[in-house]
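Note that the structure is predicted; figures quoted are calculated from it, not measured.
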Amino acid sequence: MTEVSSLTGRLLVATPALTDPNFDRAVVLLLDHDEEGSLGVVLNRPTPVGVGDILEGWGELAGAPGVVFQGGPVSLDSALGVAVIPGDEGPLGWRRVHGAIGLVDLEAPPELLASALGSLRIFAGYAGWGPRQLESELTEGAWYVVESEPGDVSSTDPEGLWRAVLRRQRSDLAMVATYPDDPSLN
């Protein structure tokens with residue numbers, strides 16, 4: 001079996017050709033990617049549900065807009081916390097994924113992490129791919145793979161994240177940011 005080069009910590013940006021409504025103009029942060037599959041969260045799908053409405057104590061720590069995000073179509077009844085923690089050492093209750101980005105143990109007392117958090121997002125559900133499934137989608141041209149930045153997790157304009165991530169690319173990919181929502185109207 002060929003070795004899978006890890007894309008953990010990178011962003012998957014949906015191409016305009018991706019027709020799955022779950023991922024239309026989605027920006028996915030990959031939290032895990034290896035030969036067993038991939039797991040990530042969609043960074044640009046805010047819900048109207050406040051974090052404090054479902055997770056007591058975490059609402060005050062969540063960054064603006066302070067709502068739960070739909071992390072993907074899998075396990076919508078589960079929650080994942082993703083936080084940016086500056087510095088080399090993270091507190092108890094946080095596991096580094098890539099750079100300053102890591103997963104928060106939502107079973108831990110929020111005050112354990114409060115002083116260390118740079119930003120926090122809570123996701124209901126996640127996006128998941130089985131072995132080689134993501135690689136197949138990449139070959140089909142469904143996703144662009146780009147570097148993440150810590151600010152992507154806490155963007156105050158999540159609805160504009162797809163265009164913003166594409167716009168900052170130093171290649172022809174930046175032009176895709178101008179792709180119209182409905183090309184038939186051109």
Are V74 and V41 linked, directly or through other ILVMFWY residues, by side chains that come within less than 4.5 angstrom of each other? yes
Within one Ile-Leu-Val-Met-Phe-Trp-Tyr cluster: I85 and I101, side-chain cutoff 4.5 Å: no
What distance do L12 atom CG and L7 atom CG have between them, rounded to the nearest 0.5 Å? 7.0 Å
Quick one: does Y144's side chain get under 4.5 Å of L166's, heavy atoms only? yes
Where the side chain of Q169 meets the backbone of V165, is there a donor-acceptor pair that is under 3.5 Å apart? yes
Reported CZ-to-CD1 distance for the pair F69 and I122, which is rounded to 0.5 angstrom: 10.5 Å
The reported gap from CG in L103 to CG in L31 (rounded to nearest 0.5 angstrom) is 5.0 Å
Test item: S154 side-chain N/O and G63 main-chain N/O as donor-acceptor pair under 3.5 Å: no
Pairwise distance CD(E137) to CH2(W143) - rounded to 0.5 angstrom: 7.0 Å
Please round to the nearest 0.5 Å and tell me the distance separating atom CD of E135 and atom CD of E35. 10.0 Å
Rounded distance (nearest 0.5 Å) linking atom NE2 of H98 with atom OG1 of T8: 9.0 Å
Salt-bridge criterion met for E149 and R168 (N-O under 4.0 Å): yes
